[in-house]
Amino acid sequence: MRIIFAGTPEFARVALAQLHAAGFDVPLVLTQPDRPAGRGMKLQASSVKQFALDHHIPVAQPRSLRLDGKYPEDAAAARAAIESAQADAMVVAAYGLILPQWVLTTPRLGCFNIHASLLPRWRGAAPIHRAIEAGDSETGITIMQMDVGLDTGDMLLVEKIAILPTDTTGSLHDRLAALGGRLMVEALALAACGGLTPVRQPEQGVSYAHKIEKHESAIDWTQSAAVIARRIRAFNPFPAAASPVAGEILKIWEAAVWPGTVPAGARPGEVLAVSEQGVDVAAADGVLRLTRLQKAGGKALDAAQFLRGFALTPGMVFGTAVEAAP
C-alpha cells in the first residue's frame, strides 16, 4: 500500500517510523515549514522532516493547502505532488494544517487521522494536556476517517489506556504516540482488505481541547490542591506551571496533594512548611507539596537540592502573575 504521511511533531514522527518499519511505501511526506527554535532562534526542521530526510523520502512543506487561500502557489505545488504520488491513503498525525476537500478525496481510500483521545472527547489541538487537566481516568487513540469537520469523522479503530496518577503530558504523550503508530499500522492492514467498519461518533460527550496558551502556566492558588496538581502535570513539559515568589518566578514541575489542613488565617499561596521532602503551600482547600522546582536560568531540581540554592521559608507567599516567566 502506498501512503502519503502528513505530520509535524514527535508524536507524528513515531507513527511515521512505525509505518516505515512495517514496510508501507511512503512516496511523500507533508510537514510544516521549518520554524525558528532554540536560543539562537535558528530555523529547525520538524521531527517528521528529519525522519523523512534520513530515510530519503520526498518532503513537501506548504504553508497552506487552500487553493483559494493566502498561499495558492504552495497549495498548487502540494496538489501536484499529492496527485503524482498516486497514494492509496493519506495518514495524518498532528499535522497542523486544515485539509480541504480536494485533499480528503484524492487518495483512493481517503485520509486517516491518528487522534490522541477517545472521540468525541477532546476534539481539537491539545487532547493530551486537557485530559490530564480535567482529571480524566482514561484516554486512548482513535483512528478516524477524516472529513471536513474538526475531528468529526467516523471512528475506525479505538484503543483505551489508563491515565496514571503520576502521568504528565510528556509521559502520556510517549505512550500514546507508540499506541497511535501501532494502531495505524493495524488500520491500514485492515483497510487493504476491506476490513474496517466506520462508526459514527456519538453526539453526546463532545468537548474541545483548545490550544495551550503560555499564560495558562500561571498557578492560581485559590483553586483546589487537586486542580493545581493536575494542571502542573498537564503543563509538564509545556508551558510549565509557574508562580512568582521572593522576587523570582519559579517553575513547578512536580507536586502532590498533601494530607492536612490549611491553618486559619493562611493565605492561598502561602508557604506553610519547608523540608527536604518538599515545600508545603496553601491552596483553596488543602495543602500542595512541591517536590521539583526550577528557578530562572537554573535546572529543575528535587526539593532538597533546590532549597540549598534558593531560600524558601514559612510565611512567604507565592503569587499568580508570570508575565516575566522564562
Side-chain angles (χ1 to χ4, degrees), residues 126 128-138 162-172 207 210 212-326:
I128 302 175
H129 297 78
R130 300 306 183 190
I132 293 177
E133 182 186 18
D136 292 359
S137 61
E138 64 180 11
I163 299 178
L164 306 176
T166 55
D167 264 328
T168 64
T169 287
S171 65
L172 188 55
S207 54
H210 297 287
I212 301 298
E213 302 291 347
K214 192 169 184 181
H215 70 81
E216 296 184 74
S217 67
I219 296 174
D220 180 359
W221 297 99
T222 66
Q223 293 181 322
S224 72
V227 167
I228 297 172
R230 291 201 305 265
R231 288 172 65 86
I232 289 170
R233 292 190 293 116
F235 299 155
N236 178 353
F238 176 84
S243 189
V245 67
E248 290 206 42
I249 294 173
L250 304 185
K251 291 182 178 180
I252 312 301
W253 292 104
E254 294 178 9
V257 178
W258 204 248
T261 58
V262 177
R267 293 171 288 176
E270 183 174 337
V271 177
L272 303 175
V274 177
S275 70
E276 290 195 347
Q277 284 69 48
V279 178
D280 295 348
V281 182
D285 64 346
V287 179
L288 191 71
R289 173 163 287 186
L290 315 181
T291 56
R292 191 167 182 81
L293 308 92
Q294 180 182 3
K295 63 182 180 180
K299 297 179 180 179
L301 300 170
D302 291 338
Q305 295 174 294
F306 180 83
L307 292 168
R308 295 189 189 107
F310 193 98
L312 285 174
T313 57
M316 288 182 172
V317 180
F318 281 90
T320 57
V322 296
E323 287 81 1

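Start at 1 with the first residue, then count along the sequence. For clarity, every value in this text was computed on a predicted model and none was experimentally measured. Computed from heavy atoms alone, side chains included, the values below leave out hydrogens, waters and symmetry copies.
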Evaluate the side-chain proximity of [Y] to [X]: yes if any heavy-atom separation is below 4.5 Å, no if none is.
X	Y	value
Ile212	Arg130	yes
Val245	Leu250	yes
Thr169	Ile132	yes
Glu133	Arg230	no

Under 3.5 Å: donor-acceptor pair, side chain of Ser243, backbone of Gly319: yes
Starting at [atom1] of [X], measure out to [atom2] of [Y] and round the result to the nearest 0.5 Å.
X	Y	atom1	atom2	answer
Trp258	Gln277	CH2	CD	8.0 Å
Lys251	Asn236	NZ	CG	10.5 Å
Phe318	Leu288	CZ	CG	10.0 Å
Phe235	His129	CZ	NE2	7.5 Å
Ser171	Ile163	OG	CD1	10.0 Å
Thr168	Ile232	OG1	CD1	12.0 Å

Test side-chain contact (heavy atoms from CB on, under 4.5 Å) applied to Gln223 - qualifying residues, sequence neighbours left out: Asp220, Val227, Ile228, Arg231
Any idea which heavy atoms bring [X] and [Y] closest together, and the distance?
X	Y	answer
Trp221	Leu290	CH2-CD2, 4.2 Å
Leu312	Phe306	CD1-CE2, 4.2 Å
Leu272	Pro314	O-CB, 3.8 Å
Ala255	Ala229	O-CB, 4.5 Å
Val274	Leu307	CG1-CD1, 3.4 Å
Gly309	Lys295	O-NZ, 3.4 Å

Derivation of the side-chain contact (heavy atoms from CB on, under 4.5 Å) call for Leu293 and Phe310: CA-CA 10 Å; Leu293 308 92; Phe310 193 98; over 6 Å; no
With sequence neighbours excluded, residues passing side chain to side chain donor-acceptor pair (under 3.5 Å) with Ser224: none
Test side-chain contact (heavy atoms from CB on, under 4.5 Å) applied to Val271 and Val279, step by step: CA-CA 7 Å; Val271 177; Val279 178; 4.0 Å; yes
Stepwise side-chain contact (heavy atoms from CB on, under 4.5 Å) test for Arg233 and Asp167: CA-CA 7 Å; Arg233 292 190 293 116; Asp167 264 328; 4.3 Å; yes
Listed once per pair and sorted, the salt bridge (Lys or Arg N to Asp or Glu O under 4.0 Å) pairs that draw on residues 275-294, sequence neighbours left out: Asp280-Arg289, Arg292-Asp302
Residues Thr320, Ile219; criterion side-chain contact (heavy atoms from CB on, under 4.5 Å); working and verdict: CA-CA 6 Å; Thr320 57; Ile219 296 174; over 6 Å; no
